[in-house]
Amino acid sequence: MNSNMMGMMFNGNWGPSSSRNMQDPSKLDTLVTFKYFSDYYHQKEKNMDDEELSRRYTIYKENFTHKQSQNFFEAHKNEEWFKDKYHPVESLVYREELIKRKQKMYGEFIEKLRQGEYDNVNFDETEKKDSSEEANAEKKDENETNNDNMDTDAEDEEKKNINEAEASKSNRLFIKSIPPNVKRKELIDRCSKFEGFDYLAISDPNPQKKFHRLGWIVFKEGTNIKEAYEQFNNAKIDDFVFHLAYHQTLPARSKTVPEIFSTMDRLNHDLEQAKNLSIALDKEVGLDKFDENGCEVLQEKIDEFNNNDEYDEIKKIKKALDLYIEYLHRVHLFCYYNASEAESTEDYDRKCPVLYRQSPKTPAAATTTENDGSEKEPVETKDKICERIDNKINLRMNRPKNNEDIEKIGGRNVDNEIDKYAIRNVVKDNEKRYRCKHCSKLFKGEEYVKKHIKTKHTDLIEPIIMEANYFNNYAQDIQKITGVFPTSMNQSIMGLNMGLNGSMRMPMPQMMNQNMPWMVPTMVPPMGLGVNMMPMKRNGYMGSSYYRGSTRGLGKKPLSAIKKDDKKYPKDPREIRSYVDLDAPVEGDIEINYD
């Protein structure tokens, strides 16, 4: 690593000590701060206004994300989890099975809708409080009646593992860890030998756990899963030992979204957008060809509410919106306020809490909030939240239709990829003689050779098309992983937080907060160093040992020997400040560990 890069890393604002040492941000492997970016361009063009600077920084961030995506694809395209999810051919079998499951869930939803089971669906915050209190009261009564001392905390070990007597009530087995290179087909082949097997659900990989995944073996209702548990638990596939647990449905989690989602303008916008998203997702799985169209059936129920004189305009809009949100959840496994999607009900419950709209603050409450000494949430932040969610939903329901659209989201233009391949395989003998690299056939011009390769060597062109489509499937995923970050705040500078090409890089903030796009990500120090820790300069060079804050009185005490909660030493004023990009696409994972 050169000295300029080191200067950027350890300067408080990610800027070098002098402007003449500043490097072009587009040539660096790290995402620089807006301050560094503006300092660099003001050095080149002193009269550049803030609007132009902001526009360029937005383009820079998009290009950086696209570059990260390219690197990540090359690093993981041969891994089984990646093929399962994105490969144009190998993912088809699973996609077809998922479509059948969604069609089944659609039938179940329509039946329950007509029976009135969703008449009281409400995602207002007051409903959340009422439901929570009622659920807690019922739980308390149940525990008192049955003398059930089971801890309701999801983190408690007793909560995570249910005994064999309770196992008869479950139809799922939980797979605690699936390595990234274990094929889905291998697991399905083994699971299908068990009587009553229905389907296998697998989560997205967790970058913090070496891209291992979670899994659920789902059986038909009434199946005795004890035999399957005994046979599969501790079984091996490619030297990896699988550990199972009886699956237990954990209490539903709930959170709130900002009050901007309760305003009339936003409610109307969300209703229209949720309806359009439902139509788009229906088409993907063939529901638009059913005799009963989902949106039409929903509209029948909405019309019933609209004819109720007790409902005012805003309540009618909320009832319609909440039905569409429930429809997206139950049929398409899509969380609207989260703009995230799952591939099974099991993974949806793990990733997505129930999200409620905050009630708009009254003028009195707003005045109290302003005077309580706490920071007021900036309006811009709320606007950015809405913009981010809208962008993800828009990308999800409006798939790119041509090469130009693909390129705009960082994908690969298939025609351009073919042209690049053809050019690489043209051999120039002289100004009037060009040769095909594969068959040595001579032509008068380069264009003739390129045309020859495209038409006569289709067997060589097909892998190029396949690779481009493979990457484009990944590029279109609104939840795609684009980088790797350390497993802990104290990860060594030479640990997991290395760039895919071996260079050091800053943890990508979009990896830290996938499921709560309205929540500000935690400030994480770059380069995997612990909080308040940095290399200390000794004798004119950067030392290899790391210390917490000031080293006075510590001698050469290693970092591992210093307690994390040791606060008696002053912090070093030069400690690293981190960068968090609030506009970055949000990605990541929520982990539930069944031990």
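Here the structure is a predicted model, which is why all the values come from computation and not from measurement.
- For the pair S203 (side chain) and L214 (backbone), a donor-acceptor distance under 3.5 Å is present.
- Shown here is E227, whose CD atom has no more than 12 heavy atoms of other residues, nucleotides or ligands within 6.0 Å.
- A donor-acceptor pair under 3.5 Å is absent between the side-chain atoms of Y60 and the main chain of S26, judged by distance alone.
- Considering only residues two or more places apart in sequence or on other chains, K100 meets the side-chain contact (heavy atoms from CB on, under 4.5 Å) condition with none of them.
- Between F73 and F82, the distance from one ring center to the other falls under 6.0 angstrom.
- One distance of note links CZ of F64 with OG of S69; it measures 10.0 Å at 0.5 Å rounding.
- In this structure, R184 is positioned above the aromatic face of Y94, its NZ or CZ under 6.0 Å from the six-membered ring centre and within 45° of the axis.
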| task | Before giving the answer on side-chain hydrogen bond (donor to acceptor under 3.5 Å, both in side chains), spell out for D390 and N394 the whole-Å C-alpha distance, their side-chain angles and the decisive distance to 0.1 Å. | result | CA-CA 6 Å; D390 289 345; N394 183 61; over 6 Å; no
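- The one candidate from Y246, W216, F242, Y229 that meets the ring pair (Phe, Tyr, Trp, His ring centres under 6.0 Å) condition with F174 is W216.
- Here Y199 pairs with E346 under the side chain to side chain donor-acceptor pair (under 3.5 Å) rule; sequence neighbours left out.
- In this structure, E195 has no side-chain contact (heavy atoms from CB on, under 4.5 Å) partners at least two apart in sequence or on a different chain.
- With E284 as the partner, the side-chain hydrogen bond (donor to acceptor under 3.5 Å, both in side chains) test is satisfied by one option alone out of H332, R396, K102: R396.
- In this structure, H76 has its ring center closer than 6.0 angstrom to the ring center of F211.
- Distance check, rounded to the nearest 0.5 Å: CD1 of I464 to NZ of K420 gives 11.0 Å.
- Put simply, the side chain of F232 reaches to within 4.5 Å of the side chain of R190, judged on heavy atoms.
- For the pair F471/Y86, no side-chain contact is recorded, criterion being any heavy-atom separation below 4.5 Å from C-beta on.
- At distances below 3.5 Å, at least one donor-acceptor pair connects side-chain atoms of S170 with backbone N or O atoms of R172.
- For N425, the side chain to side chain donor-acceptor pair (under 3.5 Å) criterion is met by H438, not counting sequence neighbours.
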| request: Could you go through the side-chain hydrogen bond (donor to acceptor under 3.5 Å, both in side chains) check for Q70 and R412 one step at a time? | output: CA-CA 10 Å; Q70 295 277 1; R412 296 179 182 177; 2.8 Å; yes
| How far apart are the C-alpha atoms of S177 and H212, what are their side-chain angles, what is the distance that settles it, and do they pass the side-chain hydrogen bond (donor to acceptor under 3.5 Å, both in side chains) test? | CA-CA 6 Å; S177 180; H212 279 230; 2.7 Å; yes
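- Residues passing the side chain to side chain donor-acceptor pair (under 3.5 Å) test with S192: none are found, sequence neighbours excluded.
- Within a 6.0 Å sphere centred on NZ of K183, other residues, nucleotides and ligands contribute 12 heavy atoms or fewer.
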| query | Does the salt bridge (charged side-chain N to carboxylate O under 4.0 Å, His left out) test come out yes or no for R213 and D84, once each step is laid out? | reply | CA-CA 12 Å; R213 300 158 289 172; D84 279 346; 3.8 Å; yes
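- Checked against a 6.0 Å centroid threshold, the rings of Y118 and F109 count as neighbours.
- Checked by atom type and distance alone, the side chain of S344 pairs as donor or acceptor with a backbone atom of D347 at under 3.5 Å.
- A salt bridge links R95 to E343: at least one charged side-chain nitrogen sits closer than 4.0 Å to a carboxylate oxygen.
- Shown here for I202 and L200, the closest heavy-atom pair between the two residues is CD1-CD2, 3.8 Å.
- Side-chain contact check for V257 versus Y356: every heavy-atom pair is 4.5 Å or farther apart.
- Looking at heavy atoms from C-beta onward, I465 lies in side-chain contact with I418 at the 4.5 angstrom threshold.
- Between F334 and Y348, the ring centre distance reaches or exceeds 6.0 Å.
- Residues D405 and R399 are not paired through a salt bridge, judged by the lack of any N-O separation under 4.0 Å between the basic side chain and the carboxylate.
- The closest side-chain heavy-atom distance from L355 to T256 is not below 4.5 Å.
- Using cut-offs of 30° and 60° on the angle between ring planes, the pair Y324 and Y327 is perpendicular.
- Counting only distance, with no hydrogens or angles, the side chain of N171 and the backbone of F219 share a donor-acceptor pair below 3.5 Å.
- The only member of R350, K85, K209 that meets salt bridge (Lys or Arg N to Asp or Glu O under 4.0 Å) when paired with D204 is K85.
- Looking only at distances, a side-chain donor or acceptor of N413 sits under 3.5 Å from a matching main-chain atom of D415.
- Here side-chain hydrogen bond (donor to acceptor under 3.5 Å, both in side chains) pairs that include residues 460-474, with residues two or more places apart or in two chains, are K77-E467.
- The shortest distance between side-chain heavy atoms of E341 and C335 does not fall below 4.5 Å.
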